[in-house]
Amino acid sequence: MTLDTAAPGDYAADGTDPAVLDAADPLASFPPRFLPSDDVVSYLDGNSLGRPLAATLGRLDRFVRHDWGSRLIRSWDEQWMDLPTTLGDRIGALCLGAAPGQTVVADSTTVLLYKAIRAALDFGQRSGRSEIVIDDDQFPTDRFVVEGIAEERGATIRWIHVDKTLGVTPDLLAPVVGPSTAVVVVNHISYRSGFLADLAEVTRVVHEAGALIVWDLCHSTGVVPIELDAAGVDFAVGCTYKYLNGGPGAPALAYVATRLLDELAQPIQGWMGAADVFSMAPAYEPAPSIRRFLSGTPPILGMLAMQDMLDAIEEAGIEAIRAKSLALTDYAFALADAWLVPLGVKTATPRERGMRGSHVTLTHPSFREVTALLWQQGVVPDFRGPDALRIGLSPLSTTFVEVQVGVAAIRDALLTLEEES
Ligand SMILES: *Cc1c(COP(=O)(O)O)cnc(C)c1O
């Protein structure tokens, strides 16, 4: 087997020995910094739950002993009140191409999607725009939130039908948006196919129709360079427990362009988003800044682990992370072509490098059983019904050896199941 797609720079593979690829990896110092698992030999689900860095142990210990245990409530003044925005600014600078003052960390993705889509719809409805545009293969929570908002606000949903191996393109979108469109909700990277949407071009098409866009960045934050300011994006919402390794249930991030802040209200008015938090005022007056997207007390504990990952991302650089991501997905494709396609597996992720994120999706009718077998062996991809297995490749923690071990295990599981039937 040869790698048919030459990777750039240091990844140019002269052979397929994954240990050679790992040895040549400019980011080779990163995988050993993550905590080892007792039994997992190939973790292919970092796109769903990033692994903890060893540094996080110390950070959590210091937090409990010092910031919380010793400084007690004084820590709110000393550091916690500003954490949603200082952390937001840092993510904005390192991962989103966002100038300060536009990104906040809070709530969950679902809740921030609700706030952003509601704010955008309300804005459009003021000028008679009543439609929300979304595709029919978008992540369930995004679709459910949109359906709830449409019912609540008497809006209409325009569904775009997308191919499950692709996602939303400017060509699909252009005929659907128009003078009735208030807001368009698009996944930057499809959770199913790994398709990478053209963020700048899709945003342009939406703006040409006079509508606002809400980008869901869950599968791209921390793994693909993003330029929200340059593209003139209105809103974005992203996840911090995937490629930002914030830990289970870590709060989400929201980006709102500065030019929109004054004109928008979000629907969950709470004291933490008020202009003067401790004035205990009789009426709600929203903060003049991105803080107005906060509602209640920020989940500080959930904001700790991601800070270690942001340190790592800053050290590695998002461009180098993207280069390794492409090399890992190239390698997964090459192995899948050699070992799995002959067994009836299909690839459901775009081959073109510019059109894919950091996971490779494969389909086969037996993948539900295959995934169950693999988990027992310490090989951990994930399964998304009805027939998709996702190989998630988190560039700072995933090694080429892990990819090879994982794809070989998929092959062996398919062969075992074939023998049994
Ligand atoms: C992971 C993910 C979510 C998760 O939402 P939560 O509120 O954190 O559960 C939402 N949308 C997409 C596209 C995702 O990939």
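Only a predicted model underlies this, so the values are computations on that prediction, with no experimental measurement involved.
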K.L.:
Short question: side chain of R411, backbone of L340 - any donor-acceptor pair under 3.5 Å?
P.N.:
no
K.L.:
Is there a donor-acceptor contact under 3.5 Å from the side chain of R33 to the main chain of S29?
P.N.:
yes
K.L.:
Do the non-hydrogen side-chain atoms of E315 and F30 ever get within less than 4.5 Å of each other?
P.N.:
yes
K.L.:
Please list all pairs passing the side chain to side chain donor-acceptor pair (under 3.5 Å) test where one or both residues lie in residues 357-375, with sequence neighbours left out.
P.N.:
S325-S358
K.L.:
Is S193 reaching over with its side chain to a backbone N or O of S190, donor-acceptor style, under 3.5 angstrom?
P.N.:
no
K.L.:
Within the side chain of R291, is there an N or O that forms a donor-acceptor pair under 3.5 Å with the backbone of T85?
P.N.:
no
K.L.:
Can you check whether V41 reaches E402 side chain to side chain, under 4.5 Å on heavy atoms?
P.N.:
no
K.L.:
Are the aromatic ring centres of F383 and F367 under 6.0 angstrom apart?
P.N.:
no
K.L.:
Could you state the interatomic distance from CG (L173) to CZ (R204), rounded to the nearest 0.5 Å?
P.N.:
11.0 Å
K.L.:
Is there a donor-acceptor pair closer than 3.5 Å between any side-chain N or O of Q266 and the backbone N or O of A119?
P.N.:
no
K.L.:
Any idea how W215 and H188 line up, ring-wise: parallel (<30°), tilted (30 to 60°), or perpendicular (>60°)?
P.N.:
perpendicular
K.L.:
Listed by chain and number, what are the ring pair (Phe, Tyr, Trp, His ring centres under 6.0 Å) partners of F333, not counting sequence neighbours?
P.N.:
none
K.L.:
Kindly compute the distance separating CG (L228) from CG (D234), expressed to the nearest 0.5 Å.
P.N.:
10.5 Å
K.L.:
Between the side chain of D89 and the main-chain N/O of G101, is any donor-acceptor distance below 3.5 Å?
P.N.:
yes
K.L.:
Between L199 and E227, is there a side-chain heavy-atom distance shorter than 4.5 Å?
P.N.:
no
K.L.:
If you look only at pairs with a residue in residues 110-123, which of them pass as a side chain to side chain donor-acceptor pair (under 3.5 Å), with sequence neighbours excluded?
P.N.:
D107-K115, T110-T141, Y114-R118, Y114-E152, K115-S295, R118-D122, R118-E152, D122-R153
K.L.:
May I ask you to check whether over 12 heavy atoms, not counting those of W68, lie within 6.0 Å of atom CH2?
P.N.:
no
K.L.:
Under the criterion side-chain contact (heavy atoms from CB on, under 4.5 Å), which of T56, L87, N245, L53 is the partner of Q307?
P.N.:
L87
K.L.:
What's the spacing between M306 CE and L304 CG if we round to 0.5 Å?
P.N.:
8.5 Å
K.L.:
Atom OG1 of T240 and atom CD1 of I91: how far apart are they, to the nearest 0.5 Å?
P.N.:
6.5 Å
K.L.:
Less than 4.5 Å apart, side chain to side chain, heavy atoms only: is that true for F123 and R129?
P.N.:
no
K.L.:
Hey, are the side chains of I391 and V407 touching, using non-hydrogen atoms and a 4.5 Å cut-off?
P.N.:
yes
K.L.:
Decide yes or no for V145 and I117: does some side-chain heavy atom of the first lie under 4.5 Å from some side-chain heavy atom of the second?
P.N.:
yes
K.L.:
With side chains defined as the heavy atoms from C-beta onward, is the minimum distance between P298 and W76 less than 4.5 Å?
P.N.:
yes
K.L.:
Quick check on side-chain contact (heavy atoms from CB on, under 4.5 Å): which of L374, L389, D45, L49 does D382 satisfy it with?
P.N.:
D45
K.L.:
Is the shortest heavy-atom distance from the side chain of D39 to the side chain of Q377 under 4.5 Å?
P.N.:
no
K.L.:
Could you give the distance from CG (N187) to CG (D216), rounded to the nearest 0.5 Å?
P.N.:
4.5 Å
K.L.:
Could you measure the distance from the CZ atom of F293 to the OG1 atom of T103? Nearest 0.5 Å is fine.
P.N.:
12.0 Å
K.L.:
Quick check against the 3.5 Å criterion: does N47 have a side-chain atom that pairs as donor or acceptor with the backbone of S394?
P.N.:
no
K.L.:
For the backbone of P395 and the side chain of T398, can you confirm whether one donor and one acceptor N or O come within less than 3.5 Å of each other?
P.N.:
no
K.L.:
Quick one: does any side-chain atom of K242 pair with a main-chain N or O of G222 as donor and acceptor, under 3.5 Å?
P.N.:
no
